[in-house]
Every structure is written in C-alpha cells, then in structure tokens.
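Accompanying notes for the structure given below.
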There are 2 protein chains.
Amino acid sequence: MKFLKIPAATITRLSLYTRALEGQVKDQVTVVSSKKLAELCGVNPAQIRKDLAYFGQFGVRGVGYYVKELLFDIKKILGLHREWHLAIVGVGNLGCALVAHENFTKQGYRFVAAFDADPMKIGRKLVTGLLIYPPNQMHAICREKKVEMGVICTPAEFAQEIANRLVDAGVKALLNFAPTQIQAPEGIKVENVDFSVKLDNLAYFLTAG
Amino acid sequence: MKFLKIPAATITRLSLYTRALEGQVKDQVTVVSSKKLAELCGVNPAQIRKDLAYFGQFGVRGVGYYVKELLFDIKKILGLHREWHLAIVGVGNLGCALVAHENFTKQGYRFVAAFDADPMKIGRKLVTGLLIYPPNQMHAICREKKVEMGVICTPAEFAQEIANRLVDAGVKALLNFAPTQIQAPEGIKVENVDFSVKLDNLAYFLTAG
DNA sequence: GCCGGCATGTGCCTCTAATCACAAAAGATT
DNA sequence: AATCTTTTGTGATTAGAGGCACATGCCGGC
Ligand SMILES: NC(=O)c1ccc[n+]([C@@H]2O[C@H](COP(=O)([O-])OP(=O)(O)OC[C@H]3O[C@@H](n4cnc5c(N)ncnc54)[C@H](O)[C@@H]3O)[C@@H](O)[C@H]2O)c1
Ligand SMILES: NC(=O)c1ccc[n+]([C@@H]2O[C@H](COP(=O)([O-])OP(=O)(O)OC[C@H]3O[C@@H](n4cnc5c(N)ncnc54)[C@H](O)[C@@H]3O)[C@@H](O)[C@H]2O)c1
C-alpha cells in the first residue's frame, strides 16, 4: 500500500466491483479470484489487483478474495458504509424517475429535499412523500437537512444558476443531468450524466465504425 | 489527416463541441477560435485542434473556425446529419422520461418502437402516441421499423436477455441503463449509462478526496 | 503587392494508465 | 515437514492520451 494519487478510473471500477460482488453474495459464493471477478466485470485481472493494491491487501494468496469481506472493504473505501443526503432540483420527468428509484435508497442515497420553480409543483408532495420547495429556500433547507449532494434535473439554461445556489448552500458534490458544462469552484466535485453524448457515440459507431 | 485509430475520448469531445457550437450559433457568433471553444467546453485548445485533425482541416489560420460550417462538419462526422430509429424496452419511470424527452427528437433520435413485459402496459400508447408491444414481437417490429439503436430500461436481471433479443433483431447499438454489464457479440456497440457509479464517485470524493 | 499579426495544424515530449510477468506466500497434499 | 499448486501483490514494460511549442499559412492593413 503506497501513498499514491488514485486514478479516477480506479474509483469507477471499484464501483463496478461492488456490483459484481453483491451478485456473488446473492449466489452464495464465498470466495472469488481476481480472474473470476475480472470476467464478471469485463476487465483485466491484473487491473483488479492493482486497483485494490492502492488501498491495501485484501486477498489471500493461492485462494483469492473472501466475497463478503472484500465487498465490505470496497464499500468502506468508497464511503458507502453510511447514508448520504441528497437534494433534487427540478422535479420533471427525469427528476421524478430518480426520486422514485428504490435502488438508490438501498445503496444509501436518500433524497431529503426537492426543489422546483414551477408554482404548480411547489407545496405538493412526491410519491415518496417528499415535499417540493421553491428554489429560494434552497439555502435554508439544504443546511437544515444536511444535504451533501445535489442532483440537477432542470433545463440546461438554469443548471449553472442552480449549481451556484447549491454550492452556496454548502453542497460539495453535484450530479448534473442537464446537457451543459457546469463551472464550480475548487473543492466541489461535479459529475455529469449525459445521455445524448452516449447516443452520439453510438451514432458515430454506426456511421464510421 | 492521417489514417489513425481515433480515441473514444475524441468522439465524446466532438459531441461536446457540437453543443457549444450550437450555443454560439444561437448567439449569432460566426467565427470561433480553438481557444474560445476550449473555454466553453472546459478542455485544452490544442486538444480541440488535434481532435479535429483526425478528420481533416476545418479551420482558417489566423482566423479560427466558421461556427456553422464546423458544426455541420462535426455533425456529419458523428452521423448526426440523419435521423436514427430507436426502440425502447422497459417503459417504466425512466423509460417514459426518455421517450418524453423532446431534446432527443430535436437531435434526430426518434423512438419508433416501445416494448414492455407488463400486460397492463401492452397495447397502451405513450404520451407521444407510441404503441407498447410485448417483447416477443421485438424481432418483427424492429425489422419492420428499421430500428438501429436499442435503449434498455428494464430491471437489471432482464437486461442481458433483452440485449440478446435486440441483437437478434438486427440492432447494432445498445444504450443500457440497467446497472449490469452486458455481453454482446463482436460488431455490436454497447454504451452504459450508470447513475449510481457516478454517485459512488461523489461519495468517494466526499469521503477521501 | 508586400508585410505583420494571429490562429491553425502538427511533431515531439511528458505523463498517466493498462498490461505483463514473476516472485512471494498461503493452503493442500503426501 | 517438505513439496506442490494456486493466486496474490508488484516491479517492469508497453501503450496511449494529453499538452507544449513552433512553423505554416491566411487575412487585413498599408
Ligand atoms: N428526460 C430525459 O430523458 C432526459 C434525458 C437527457 C437529459 N435530460 C435533461 O435533464 C433535465 C430535465 O429533464 P426533464 O425531462 O425532467 O425535463 P422536465 O421539463 O420534465 O423537467 C424540468 C423541471 O425543472 C423545473 N425547473 C425549471 N426551471 C427551474 C429552476 N430554475 N429551478 C428549479 N426547477 C426548475 C421545471 O419546473 C420542471 O419541473 C434537462 O436538462 C434535460 O435536458 C433529460
Ligand atoms: N429510475 C431511475 O432513476 C433509474 C436510475 C438508475 C438506473 N435505473 C435503472 O433503469 C432500469 C429501469 O428503471 P425504472 O426506474 O424505469 O424501473 P421501473 O420498474 O419503473 O420500470 C421497469 C419497466 O421494465 C418492464 N419490464 C420488466 N421486465 C421486462 C422484460 N423482461 N421485458 C420488457 N420489459 C420489462 C416493467 O414492466 C417496467 O415497466 C432499471 O434497471 C434501473 O435499475 C433507473
């Protein structure tokens, strides 16, 4: 276990490993080799061992990895051993689908606040019972509910403004679904989920690949 | 213009460039430099020039790039000058949001078929007027409607089976929203959209970063 | 028609990430 | 207890992507 900067790709793969491991737990498998896990995740076995090596030693030579143990350890590395408080901004088609999605809750991601600018929506409750607040209460509510991550589901033209507000309210991590590049100050992490870029990749593949 | 293998990251960035360029068109800007475009997209100017160099020469030295021309050229490279036929499988929370999303249509992605296993949904029409078919008609309908891309929005445990069926029906490109790794034969392109991996990245950042 | 300024296109270098290959070590076997 | 088998952990190697810097070439001004 050296003290090195960890590649972003490693973190993304760790997330993939947890999924495969959860599948193995469900299938009553107790031990897994890097080779087997690599097959399940579609990566190189050495890659897995190296990814894990950034954080310590988790395996037993000649045996492999104990599934439950490894799962626990990776979850702890990623910070999935605890619950996270999320706020959603923009409760339209996509926003509602996200809040309704029970997998997130299972993984420890809990929506504790919702915001929308539409006067017809403010004051209403989502299917989960979550109350919709107007954007101008973002600061107060986010602090009160200890929101740690913000999910942006508004049209693209408002995304930057919403991001600014969320940051202002002390939110340190943003998941942006709007098709636009968000500027955020140092120390704030922004992840983009961009469906149309993925579609464009497919279009290119079908055209040229 | 050399004959080289083009990095996947280049294609993804080209997609980003089109967005920025569309914004510039809207703002009546006629010429843009790699420096300016780089700022808009949050990348390095040389990166942009290099990305474009894979496909030819599009700029004018001492001037920059003509916005409309470049936009047209990049769209052509990506295959966005034409319409694409998509099928969606799994018309639940997420699936409905996707079909309802008008941006996709604007960009030339048209949903021409929808499938779901739920007997309550089969035979009904979506808000767009799209009829929902049972999965066993996938082969026939996909061929009839000339479906080129499949969008998978079913629970994870059915994703692989759906992928197989779509491939069997002649679909060459898949966009998978289910949190699972899909195996597809050579020549089939699979792109995954994975929200929870992104959330895990944020969790790691807040925990360790 | 020539000259200066400016942004592109591109060779070269750097840095990072992925893969290989082997020594180390744990458990099984005799 | 010694040896064999297996799979980890990791140094070395390879591949690849990103950034720098400059020559090239175009436009506008004089
Ligand atoms: N629906 C999809 O499948 C899809 C796919 C890709 C990207 N996106 C992106 O996700 C975002 C949301 O998509 P959608 O389909 O849910 O749109 P939508 O129109 O259904 O919902 C947008 C919601 O944001 C709210 N809103 C608008 N301005 C706001 C503001 N300033 N503050 C707070 N709330 C505000 C609206 O009232 C509405 O409820 C868009 O940027 C869209 O481009 C959506
Ligand atoms: N909703 C979200 O925000 C969200 C977020 C991340 C990932 N996902 C993933 O997207 C997928 C869909 O999510 P959702 O929220 O829309 O779920 P959902 O339960 O609302 O919808 C799933 C739909 O798939 C249909 N279906 C089930 N089995 C099928 C089969 N064999 N063939 C065809 N259709 C079938 C169901 O009838 C249902 O309509 C899931 O894999 C989920 O994990 C969703």
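Keep in mind that what you see is a predicted model, and the values were worked out from it rather than measured. Sequence lines set the chain letters: A, B, ... in the order given, protein chains first and strands last, and positions in each chain run from 1.
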Between A:Phe177 and B:Phe195, ring centroids under 6.0 Å: yes
Side chain B:Lys50 and base C:dG9 donor-acceptor under 3.5 Å: no
Distance-only donor-acceptor test (3.5 Å): side chain B:Arg61, base D:dT24: yes
Integer-rounded Å distance: D:dT8 P and A:Gln47 CD: 14 Å
For atom CG of A:Asn44 and atom P of D:dA15, their distance in whole Å: 14 Å
Heavy-atom closest contact (A:Trp84 atom, A:Gly79 atom, distance): NE1-O, 2.8 Å
Integer-rounded Å distance: C:dA18 P and A:Asp51 CG: 8 Å
Residue whose nearest DNA chain C nucleotide is more 5′ - A:Val60 or A:Ala46: A:Ala46
Phosphate OP1/OP2 of C:dA18: any A:Arg13 side-chain N/O under 4.0 Å: yes
Touch class at under 4.0 angstrom, heavy-atom based, for A:Thr10 against every strand present: nothing
Euclidean distance, atom OH of residue B:Tyr54 to atom P of C:dG11 [Å, nearest integer]: 12 Å
Rounded distance in Å - CZ (A:Phe55) to C1' (D:dT10): 16 Å
Touch class at under 4.0 angstrom, heavy-atom based, for A:Lys35 against every strand present: nothing
Short side-chain N/O contact from A:Ser34 to OP1 or OP2 of D:dT8, under 4.0 Å: yes
Protein-nucleotide distance (B:Arg49, atom CZ; D:dA17, atom C1'), rounded to Å: 16 Å
Atom CZ of B:Phe58 with >12 non-hydrogen neighbours under 6.0 angstrom: yes
Between C:dT8 (C1') and B:Glu69 (CD): distance, integer Å: 15 Å
A:Tyr66 vs B:Gly62, nearer the 5' end of DNA chain C by closest nucleotide: B:Gly62
Non-hydrogen side-chain atoms of A:Pro7 and A:Tyr54 separated by less than 4.5 Å: yes
Between D:dT8 (C1') and A:Lys36 (NZ): distance, integer Å: 18 Å
Contact under 4.0 Å: B:Gln57 side-chain N or O vs C:dT10 OP1/OP2: yes
Phosphate OP1/OP2 of D:dG9 contacted by A:Tyr65 side-chain N/O (<4.0 Å): yes
More than 12 heavy atoms from other groups under 6.0 Å of CD on B:Gln28: no
